[in-house]
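The figures here come from the full heavy-atom set of this structure, side chains too, leaving out hydrogens, waters and symmetry mates.
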Amino acid sequence: MGTEFVETAIVGGGQQGCSVAGSLTRLGYRAVVFERGETGQTWARERWESLRVNTPNRTVTFPGLPYDGDDPEGYMPAGEVARRLRRYVAELGVEVREHTSVQAVESPVDGPAYPGARFRLHLGNGDTVEARNVVAALGGYSSPRLPELTARIDPSVTQLHTRYYRAPGLLPEGAVLVVGSGNSGQQIAEDLRDAGREVFLAVGRHKTSPRRYRGAQILDWLQLLPLEGNLESASGGKGDSPVLPGVSVLSGKAGGRDLSLTVLAAQGVTIVGTVRGAQGSVLQLEDNVRAVAQGAARAESELLQAIDAAIAQYGLVVPERTPVPAFDASRFADYGDTLDLAAHRITTIVWATGFVPDYQILPPAALDANGMPVHRAGAGALPGLYYAGLPEGGSVMPLLIASTRSQAERVARGIHLDNTLRHRSPAALGQLWI
């Protein structure tokens, strides 16, 4: 066991953490990334086989590495994201210590071995690292969230969270219930149905939108236009709203396409209400299929109206608005208040119930009463503590891979500012403008 000093320690070797390290490398600084698994672990090992990124390939960029493939409007498989990230790390010489977990981050440091150290990291292998800066690149989605009622379901039913779902053929024979109708839930329901499985989908609150609208992708509009209204909101992940809601449900399969309860119902997926309880093989449901579908349609209409208003405000020359069909309640029927798993031969439940953040490795002074990071634009409550990949201002847009580069460069500029002022080298500040 020993102690070493690194100027910047980055916890998390996904796209956010590696991008911050890459941005610092380009500014002439050394950073070390500590990753519990392998580089791009989530993309490489914790996603299903058919998953494709929801944003076009042209948005999969890292600082100093723009997309350089031949299909900018295509949708990249998850595994390719991991490969591109590893290529990025190799080309820039970023130091990633794989299979090295961080158990705790201590601050302030009593009797630091290295002058200027503000943090001490305790690693899973027993070593300690002192650092002036720490970047928590743990992402907004950390720990799978499972409801307590899972313990009351007949043990003969296989249950797994979306993190552990890989392919339809790896599940037991029989029908499958997917619980949750956000991006993961609807995409997995589609994946299972495409494979010929009988699928039930238990709905929950979600948002939908068309893939393209008035000459651009919806996600382009959300990135480029300051829209009025809380259209892509995120909770903090605690309290009454423990799940970070994602952006509108879309699919990257087949060149990118729309996805909704209407689409899935047309494919033969049985839509049932929100799961509220369980006893053995019987689930108690809220009889709310129509209400949830109508809520998603209302949110979509509000989003498109906000885009229309912004287009008019800025005088943009775009195609005319294509009429959007009104919500047709007759397409949906409320299912009832129970679902008998055995009667419908449902042998597997896939819980698409989201993730909750877990920042307990950080010093208590960095977190609020709910255990959530206290930060502003990525700068933490402790000097030298930064975050990459967190929602900002109630928006989940910074969680998209398209926002990785801008977030990483902002964190790197903050570290560069601290360093140049500390060493009284204001001439070096010129790099902040490049």
Side-chain angles (χ1 to χ4, degrees), residues 1-14 16-21 23-25 29-39 41-42 94-143 236-238 355-390 407-408 410-419 421-423:
M1 296 192 299
T3 299
E4 67 172 310
F5 177 79
V6 298
E7 185 167 34
T8 300
I10 300 173
V11 187
Q16 290 97 351
C18 290
S19 292
V20 172
S23 293
L24 288 169
T25 298
Y29 296 101
R30 175 178 178 246
V32 177
V33 180
F34 297 92
E35 166 55 43
R36 61 181 171 83
E38 61 186 59
T39 304
Q41 171 78 15
T42 301
V94 171
E95 183 178 354
V96 181
R97 298 187 187 177
E98 298 184 324
H99 307 290
T100 305
S101 63
V102 176
Q103 300 297 307
V105 178
E106 176 188 348
S107 182
V109 178
D110 292 330
Y114 297 90
R118 298 188 284 204
F119 302 92
R120 182 179 288 131
L121 286 73
H122 299 269
L123 307 183
N125 60 12
D127 289 347
T128 57
V129 173
E130 291 184 356
R132 179 162 181 81
N133 310 296
V134 166
V135 181
L138 302 173
Y141 306 101
S142 300
S143 301
K238 296 288 183 180
F355 296 78
V356 290
D358 184 0
Y359 290 92
Q360 296 310 305
I361 66 168
L362 298 180
L367 307 175
D368 65 17
N370 290 318
M372 293 299 296
V374 178
H375 77 106
R376 182 175 181 179
L382 299 176
L385 178 62
Y386 301 87
Y387 298 93
L390 280 180
Q407 281 201 318
R410 183 177 61 198
V411 171
R413 286 196 299 270
I415 293 172
H416 179 60
L417 176 64
D418 171 71
N419 185 71
L421 293 177
R422 179 164 54 102
H423 292 290

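Remark: L390 CG to Q16 CD distance equals 9.0 Å, nearest 0.5 Å. Taking CD of Q103 as the start and CG of D127 as the end, the distance is 12.0 Å to the nearest 0.5 Å. Atom CG of N133 is separated from atom CD of E7 by 6.0 Å, given to the nearest 0.5 angstrom.
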Exercise. Check the pair V135 / V411 against side-chain contact (heavy atoms from CB on, under 4.5 Å), numbers first and verdict last.
Key: CA-CA 8 Å; V135 181; V411 171; 4.0 Å; yes
Quiz prompt | Worked verdict on N419 versus Y29 for side chain to side chain donor-acceptor pair (under 3.5 Å) | solution = CA-CA 10 Å; N419 185 71; Y29 296 101; 3.0 Å; yes
Practice problem: Go through the steps for V374 and L367 under the test side-chain contact (heavy atoms from CB on, under 4.5 Å), then give the verdict. | Solution: CA-CA 5 Å; V374 178; L367 307 175; 5.8 Å; no
Quiz item: F34 and I10: side-chain contact (heavy atoms from CB on, under 4.5 Å), yes or no, with the steps?
Solution: CA-CA 6 Å; F34 297 92; I10 300 173; over 6 Å; no
Quiz item: How far apart are the C-alpha atoms of L138 and D358, what are their side-chain angles, what is the distance that settles it, and do they pass the side-chain contact (heavy atoms from CB on, under 4.5 Å) test?
Solution: CA-CA 8 Å; L138 302 173; D358 184 0; over 6 Å; no
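Side-chain atoms of V129 and T3, non-hydrogen and from C-beta on, never get closer than 4.5 Å to each other. S101 has its side chain out of reach of L123: every pair of non-hydrogen atoms, C-beta onward, lies at least 4.5 Å apart. Between V134 and L121, the closest side-chain pair of non-hydrogen atoms falls below 4.5 Å. Within the 4.5 Å cutoff, side-chain heavy atoms of F119 are placed close to those of L385. Side-chain contact check for V32 versus T8: every heavy-atom pair is 4.5 Å or farther apart.
Legend: residues meeting side-chain hydrogen bond (donor to acceptor under 3.5 Å, both in side chains) with E38, ordered by chain and number and at least two apart, are R45, R86. The side-chain hydrogen bond (donor to acceptor under 3.5 Å, both in side chains) search around S23 returns none, not counting sequence neighbours. With sequence neighbours excluded, the residues forming a ring pair (Phe, Tyr, Trp, His ring centres under 6.0 Å) with Y387 are H375, listed by chain and number. Checked against side-chain hydrogen bond (donor to acceptor under 3.5 Å, both in side chains), R97 has the following partners two or more places apart in sequence or in another chain: E4, E95. Qualifying side-chain hydrogen bond (donor to acceptor under 3.5 Å, both in side chains) partners for D418, counting only residues two or more places apart in sequence or in other chains: R132.
Checking T39 against Q41 by side-chain atom types alone, no donor-acceptor pair falls below 3.5 Å.
No donor-acceptor distance shorter than 3.5 angstrom exists from the side chain of N370 to the backbone of M372, with no hydrogens or angles considered. Although no hydrogens or angles enter the test, the distance criterion places a donor-acceptor pair under 3.5 Å between the side chain of E35 and the main chain of G13. In terms of modelled atom types and a separation under 3.5 Å, the side chain of E130 and the main chain of A117 share no donor-acceptor contact.
Looking at every heavy atom in both residues, V20 comes nearest to A408 through N-CB, 3.5 Å. Closest of all the heavy-atom pairs between A21 and V94 is CB-CG1, 3.5 Å. Residues L362 and A136 approach most closely at CD1-CB, 4.3 Å, considering heavy atoms. When all heavy atoms of A365 and A381 are compared, the closest pair comes out as O-CB, 4.0 Å.
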Let me have the donor-acceptor pairs involving side chains of residues 106-113, under 3.5 Å, with sequence neighbours excluded, atom names and distances please.
from: E106; atom 1: OE1; to: H122; atom 2: NE2; distance (Å): 2.9
from: E106; atom 1: OE2; to: R120; atom 2: NH1; distance (Å): 3.4
from: S107; atom 1: OG; to: R118; atom 2: O; distance (Å): 2.9

